[in-house]
Amino acid sequence: MFIPLQSLPSPVDFSTKILILPSISKGNVPQLACDLLVASLNLHHVGYLDSKYLVPVVGGRERGEKGVSTPIEVFSSNKSTVAVVLQRSPVLKAYKEDFVRDITNWVKESNFRTLVVLAGMDTTSRTDSQMQSPYYYYTPSSSPLPSEISIHLDKLLPIYKAAPLPDYLQSDQNKSGEEADPTFVPFIPGGGLTRRMLSLTASSEWAIPTLAILQFVMEGDNRADAGMQ
């Protein structure tokens with residue numbers, strides 16, 4: 001799925017990198033946050049991801065660089081421990097499962113050190129218990145984070161626990177106790193493909209520490225929210 005730039009002097013080694021992956025979701029905050037990371041960390045374009053499952057778009061490159069921008073690209077730097085995906089168009093409705101499967105396979109094959117998924121959530125779906133903070137984190141039970149990361153997270157952000165799904169969204173199997181399933185991921189309102197992606201990383205075969213940073217947002221000018229995420 002990953003296509004490196006031919007101009008790179010050597011192959012990219014992702015095994016020491018933390019991957020920041022935006023989920024196209026409420027408010028477009030994840031994409032804005034990733035744009036901010038690329039600019040502030042001075043990351044460089046290192047390759048493309050296969051965009052056959054995305055709405056086809058093309059545009060000019062940033063900072064006056066030659067060439068064109070494609071729907072989904074990867075940025076990194078030898079001086080940084082971070083790699084960032086910039087996704088500029090949504091996934092086609094008929095190919096959501098294919099996209100999630102392929103991108104998680106790429107993460108697994110590239111042996112990233114940690115996967116961090118960014119997602120926005122619909123503010124209008126907040127419950128009373130979620131009013132303490134607009135920011136939350138979630139990690140699948142089968143993919144625990146290293147202790148040095150989880151200790152800091154627990155001090156900074158509350159863990160995300162969703163309210164029960166409405167009856168019309170639940171199957172009979174779900175009503176019988178879905179949280180007993182180790183691959184269960186709570187409902188993430190407005191989170192796009194975040195829940196599907198986390199469900200795949202919750203399997204026993206997944207060995208990469210995985211984290212989702214979630215933020216309740218609304219549509220509009222969310223540049224300030226991008227800086228916070």
* Structure fact -> One should read off an interatomic distance between Leu43 CG and Ile20 CD1, to the nearest 0.5 angstrom, of 10.0 Å
* Is the side chain of His45 donor-acceptor paired with the backbone N or O of Gly47 at a distance under 3.5 Å, no angle test? -> yes
* To do: Tell me, please, which residues at least two apart from Arg88 pass side chain to side chain donor-acceptor pair (under 3.5 Å).
  => Glu62, Glu73
* Verify ring pair (Phe, Tyr, Trp, His ring centres under 6.0 Å) between Tyr95 and Tyr53, making sure each step is shown before the conclusion. => CA-CA 6 Å; Tyr95 297 105; Tyr53 301 130; 5.6 Å; yes
* Once you round to the nearest 0.5 Å, how far does CD1 of Ile208 lie from CZ of Arg113? -> 12.0 Å
* Asked: How about Lys96 and Arg196: do any of their side-chain heavy atoms sit closer than 4.5 Å?
  -> yes
* **Shortest non-hydrogen contact from Ser89 toward Val55** => OG-O, 2.7 Å
* Asked: Hey, does Lys79 have a side-chain heavy atom less than 4.5 Å from the side chain of Thr81?
  -> no
* Asked: Can you tell me how far CG of Asp35 sits from OG of Ser40, rounded to the nearest 0.5 angstrom?
  -> 10.5 Å
* State, to 0.1 Å, how close Ser133 and Phe216 come at their nearest heavy-atom pair, and which atoms those are. => O-CD1, 4.5 Å
* Asked: If you round to the nearest 0.5 Å, how far is NZ of Lys17 from CG of Asn78?
  -> 6.0 Å
* Asked: Is Leu156 linked to Ile18 within one hydrophobic cluster, defined over Ile, Leu, Val, Met, Phe, Trp and Tyr using a side-chain heavy-atom separation of less than 4.5 Å?
  -> yes
* Tell me whether Leu86 is reachable from Ile213 by hopping between hydrophobic residues (I, L, V, M, F, W, Y) whose side-chain heavy atoms are closer than 4.5 Å. => yes
* Look at the rings of Trp106 and Phe112 and say which category their plane angle falls in: under 30° parallel, 30 to 60° tilted, over 60° perpendicular. => perpendicular
* Looking at side-chain heavy atoms only, is the closest gap between Lys108 and Glu205 below 4.5 Å? -> yes
* Asked: If we only count heavy atoms from C-beta on, is the Leu21 to Leu118 side-chain gap below 4.5 Å?
  -> no
* Indicate the atoms forming the closest heavy-atom contact of Arg126 with Pro134, along with that distance. => NH2-N, 3.9 Å
* To do: For the pair Thr139 (side chain) and Leu211 (backbone), establish whether a donor and an acceptor sit closer than 3.5 Å, ignoring hydrogens and angles.
  => no
* Chi angles and distances behind the side-chain hydrogen bond (donor to acceptor under 3.5 Å, both in side chains) call for Ser23, Ser25 -> CA-CA 6 Å; Ser23 176; Ser25 51; 4.6 Å; no
* Cluster link Val74 to Leu32, ILVMFWY, side chain under 4.5 Å -> no
* Could you tell me whether Asp128 atom CG has more than 12 heavy atoms of other residues or ligands within 6.0 Å of it? => no
* For Val68 against Arg61, the heavy-atom pair lying closest together -> O-NH1, 2.8 Å
* To do: Apply side chain to side chain contact (heavy atoms under 4.5 Å, CB included) to Val91 and Ile24, showing your working.
  => CA-CA 8 Å; Val91 180; Ile24 305 299; 5.9 Å; no
* Note, Leu19 side chain near Thr114 side chain (heavy atom, < 4.5 Å) -> no
* Which pairs count as salt bridge (Lys or Arg N to Asp or Glu O under 4.0 Å) when at least one residue sits in residues 47-56, sequence neighbours excluded? -> Asp50-Lys52
* **Nearest heavy atoms of Pro30 and Pro22, plus distance in Å** => CB-CB, 3.7 Å
* Asked: What's the shortest heavy-atom distance between Val117 and Met197, and which atoms?
  -> CG2-SD, 4.2 Å
* When you measure from the side chain of Ser51 to the backbone N and O of Leu49, does any donor-acceptor pair fall under 3.5 Å? -> no
* To do: Take Trp206 and Thr104 through the side chain to side chain contact (heavy atoms under 4.5 Å, CB included) test and state the conclusion after the steps.
  => CA-CA 10 Å; Trp206 186 266; Thr104 50; 4.1 Å; yes
* Asked: Would Val58 and Ser69 satisfy side chain to side chain contact (heavy atoms under 4.5 Å, CB included), going step by step from the backbone distance to the final call?
  -> CA-CA 6 Å; Val58 69; Ser69 297; over 6 Å; no
* Structure fact -> Rounded to the nearest 0.5 Å, the CG atom of Asp102 sits from the CG atom of Asn105 at a distance of 6.5 Å
* Asked: Counting only heavy atoms not in Gln132, do more than 12 fall under 6.0 Å of its CD?
  -> yes
* Any link between Val84 and Phe14 through a network of hydrophobic side chains (Ile, Leu, Val, Met, Phe, Trp, Tyr) touching at under 4.5 Å? -> no
* To do: Please answer: with hydrophobic residues joined when any side-chain heavy atoms are less than 4.5 Å apart, are Leu8 and Val82 in the same cluster?
  => no
* Asked: Is there side-chain contact between Tyr137 and Leu157, with heavy atoms separated by less than 4.5 Å?
  -> yes
* Interatomic spacing from CE in Met1 to CZ in Phe99 - rounded to 0.5 Å -> 5.0 Å
* Asked: Should Ile72 and Leu54 be marked as a side chain to side chain contact (heavy atoms under 4.5 Å, CB included) after you check the CA-CA gap, both sets of side-chain angles, and the distance that decides it?
  -> CA-CA 8 Å; Ile72 185 165; Leu54 278 66; 4.0 Å; yes
* Do the non-hydrogen side-chain atoms of Phe2 and Ser110 ever get within less than 4.5 Å of each other? -> no
* Asked: With a 4.5 Å heavy-atom cut-off, do Tyr136 and Gln215 have their side chains touching?
  -> no
